[in-house]
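Accompanying notes for the structure given below.
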Protein chains: 2
Amino acid sequence: MKREEFSVDCSACPIRHKAVCSRCEPDELDELERIKFYKFYPAGQTVAIRGEPLETVASVVGGVATLTRSMEDGRTQLVGLLLPSDFIGRPGRTAIEYDVTAVTDLTLCCFNRKPFEDLLVRFPHVRERLLEMALDELDAARDWMLLLGRKTARERIASLIALIVKRSTRPDGSVMGTGTRIELPITRETMANYLGLTIETVSRQLTKLRADGIIELDGKRGIIIPDLGGLLAETGDDDDGGMIF
Amino acid sequence: MKREEFSVDCSACPIRHKAVCSRCEPDELDELERIKFYKFYPAGQTVAIRGEPLETVASVVGGVATLTRSMEDGRTQLVGLLLPSDFIGRPGRTAIEYDVTAVTDLTLCCFNRKPFEDLLVRFPHVRERLLEMALDELDAARDWMLLLGRKTARERIASLIALIVKRSTRPDGSVMGTGTRIELPITRETMANYLGLTIETVSRQLTKLRADGIIELDGKRGIIIPDLGGLLAETGDDDDGGMIF
DNA sequence: CGGGGTATTGACCCAAGTCAATATCTGTGG
DNA sequence: CCACAGATATTGACTTGGGTCAATACCCCG
């Protein structure tokens, strides 16, 4: 469970520059440091369940988690993919709204809700960053609504791959252009639940995109993109919004 | 265009208790009052277009507007329904992300973006409320993702009617239980774009719900709900989240 | 009374779902 | 190191919910 792999020193934290704490001054960081604690979950483990009391909030430090909503008959929709630096939980709410599941080994930087809320009042930098992140997520959710409401299966798959490529872009800003290889952090089932499709359709469309030379499949999880432009053309998006820096 | 119908006096504003300004102290309200201005749009008019510079932000005072995202080939998805008290625009962004259209006559309480952003720094009450509203919208968007990704046409229609019923609940909290009548604020086309369906499917499912005694159609826009419980059972949601006070 | 927008209804079709068989991985223990 | 078991993924055959295309019907409003 490699508990000691992540420093307790915020200044060396891998998500220091992107998480809720990204704009904190040294003194603010000191205080965060005092109340934070890490939690680790193995792949597949449930992190939180809808309806339970919301006691802690957290930032994803490493690994991938999903935010899902399900219906009684088992139909499941992924409503958010949580990657490093993403925030989990909502200050001001007392119950959990969505199921959270670790899809890879997961490391969270946690805060008890109450102290965090207090801190939110006193630290404008955290508040501002949280608002900004909430608005970004809102935009992402709305883009996803277009995908779920109007895109074809092929466009959905292409959009998801494009999204992963975008989020895999190295923090130094270097664009991974032609000949990129990405590793899907999720199973076909999770992909299906994200895209509002079935695993069979996901599988078939991946095969078809490969047959059309848009992607190459490299083992179960690897995808090679010979031509990023070709992939983006399949997403159905007008590319003006898709600035990759 | 009934320009004078709405007071310039915030204390008499119909959305005083729900909008971004709802938590303001009298002195904060005074300052808002000085920089705000009203705009009026007739039904059908475009309010903002994706890609244009974002110069003003606003609260919906009266009427209904839609937030949409479209693809080049005309496929359109509604990503938000803006009812009185909802906020339009995103501080910190310089370009408009979604098309905004008035679907009924619309009254907006506007602020120029820059002064509003300054004010956001100084007025914690506005900031807090804006964060809260953004998080609420995020939850709403995610619930809608479940609808778009996994619900059947019938469930989608029932969910939309249930949503309108909920939002039509009078502010005094009185529940409009059995025998409620609501007025749809939108056309079949707008409904279809919200639900990720076609007008034909919307029409057919409404007819079917009527045939099954779940709703009664009263003219083009009116819907009577003889039994709210019956309607909610058709939405596919487990009802625990659906507390209507 | 007539005309343009809006809504309903019908006939047909197809993209994606369902059901089912098979293949491929991955890890585990002999 | 191999074999085997249980996930995970692919592929095929068939079905179906909702889309498409097209004809009417409705309904304000001038």
Side-chain angles (χ1 to χ4, degrees), chain A residues 42-45 66 71 73-77 101 103-105 147-161 183-212 215-223 234 236, chain B residues 42-45 71 73-77 101 103-105 147-161 183-211 215-223 234 236:
Chain A
Q45 186 133 328
T66 59
M71 301 171 69
D73 61 7
R75 281 177 283 173
T76 298
Q77 178 64 45
T101 313
V103 295
T104 65
D105 287 349
L147 179 144
L148 293 172
R150 294 300 184 200
K151 287 189 180 177
T152 64
R154 166 182 267 244
E155 288 168 338
R156 294 183 199 205
I157 300 284
S159 299
L160 177 60
I161 299 173
E183 192 78 17
L184 289 175
I186 52 177
T187 66
R188 293 292 128 96
E189 189 183 16
T190 307
M191 290 177 70
N193 287 336
Y194 204 0
L195 299 171
L197 299 171
T198 58
I199 32 178
E200 293 94 328
T201 301
V202 170
S203 199
R204 275 190 260 269
Q205 292 299 332
L206 282 170
T207 318
K208 215 170 279 180
L209 284 171
R210 185 191 50 189
D212 295 347
I215 58 172
E216 286 160 43
L217 301 179
D218 178 24
K220 219 173 260 204
R221 296 294 188 84
I223 292 189
E234 295 292 337
Chain B
Q45 187 134 326
M71 302 171 68
D73 62 6
R75 280 176 285 173
T76 298
Q77 177 64 45
T101 313
V103 295
T104 65
D105 288 349
L147 180 145
L148 292 172
R150 295 300 185 199
K151 287 190 181 178
T152 64
R154 165 183 269 242
E155 288 168 338
R156 294 183 199 206
I157 300 283
S159 299
L160 178 60
I161 299 173
E183 193 77 17
L184 290 174
I186 52 176
T187 65
R188 294 292 127 95
E189 189 183 16
T190 307
M191 289 176 70
N193 287 337
Y194 204 1
L195 298 171
L197 300 171
T198 58
I199 31 178
E200 294 94 328
T201 301
V202 170
S203 200
R204 275 190 261 267
Q205 292 299 332
L206 281 170
T207 318
K208 214 169 281 180
L209 284 171
R210 184 190 49 191
I215 58 172
E216 286 160 41
L217 301 178
D218 178 23
K220 220 173 261 206
R221 296 296 188 84
I223 292 189
E234 295 292 335

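In what follows, every heavy atom counts, from backbone to side chain, and hydrogens, waters and symmetry copies are set aside. None of these values were measured; they are calculated from a predicted model. Sequence lines set the chain letters: A, B, ... in the order given, protein chains first and strands last, and positions in each chain run from 1.
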B/Arg150 atom CZ is separated from C/dG17 atom P, nearest whole Å, by 7 Å
Nucleotide range of DNA chain D contacted by chain A, 5' to 3', under 4.0 Å to a heavy atom? D/dT8 to D/dA13
Heavy atom of residues 185-195 of chain B under 4.0 Å from DNA chain D: which residues? none
Without swapping roles, check the side chain of A/Glu216 against the backbone of A/Arg210 for a donor-acceptor pair under 3.5 Å. no
Contact class for A/Gly196 (heavy atom, under 4.0 Å): base, sugar-phosphate, or nothing? sugar-phosphate
Nearest nucleotide by nearest heavy atom, which residue falls closer to the 5' end of DNA chain D, B/Val202 or A/Glu200? A/Glu200
If I take atom CD1 in residue A/Ile199 and atom P in nucleotide C/dC25, what distance separates them, rounded to the nearest angstrom? 17 Å
Students often get this wrong, so: under 4.0 angstrom with heavy atoms, is B/Leu197 touching a base, only sugar-phosphate, or nothing? sugar-phosphate
Protein-nucleotide distance (B/Arg221, atom CZ; C/dA7, atom P), rounded to Å: 6 Å
Starting at atom CG of A/Leu147, determine the distance to atom C1' of C/dA16, rounded to an integer number of angstrom. 15 Å
Just the rounded figure in Å: distance from C1' of C/dA15 to CD of A/Glu155. 12 Å
Between the base of C/dT8 and the side chain of B/Arg210, is there a donor and acceptor pair under 3.5 angstrom? no
OP1 or OP2 of C/dA16 under 4.0 Å from side-chain N/O of A/Thr201: no
Please report the C-alpha distance between B/Glu155 and A/Arg75 in whole Å, then the side-chain angles of each, then the deciding distance to 0.1 Å, and finally whether the salt bridge (charged side-chain N to carboxylate O under 4.0 Å, His left out) criterion is met. CA-CA 13 Å; B/Glu155 288 168 338; A/Arg75 281 177 283 173; 2.8 Å; yes
Gap separating the CG atom of B/Leu160 from the CD atom of B/Gln205, nearest 0.5 angstrom: 13.0 Å
B/Asp105 side chain to B/Ala43 backbone, donor-acceptor under 3.5 Å: yes
Euclidean distance, B/Arg156 CZ relative to B/Thr201 OG1, rounded to 0.5 Å: 9.5 Å
With side chains defined as the heavy atoms from C-beta onward, is the minimum distance between B/Leu206 and B/Ile223 less than 4.5 Å? yes
Value for CD1 (A/Ile215) from CD1 (A/Ile157), rounded to nearest 0.5 Å, stands at 8.0 Å
My understanding is that only one of B/Leu197, B/Ile186, B/Ile199 makes a side chain to side chain contact (heavy atoms under 4.5 Å, CB included) with B/Met191; could you say which? B/Ile186
Evaluation steps, side chain to side chain contact (heavy atoms under 4.5 Å, CB included), between B/Asn193 and B/Glu189: CA-CA 6 Å; B/Asn193 287 337; B/Glu189 189 183 16; 4.1 Å; yes
Can you check the A/Lys151 NZ to C/dA15 P distance for me, whole Å? 18 Å
What's the CG-C1' distance between A/Leu217 and C/dC25, to the nearest Å? 15 Å
Nearest-Å distance for atom pair CZ/C1', residues B/Arg204 and C/dT6: 16 Å
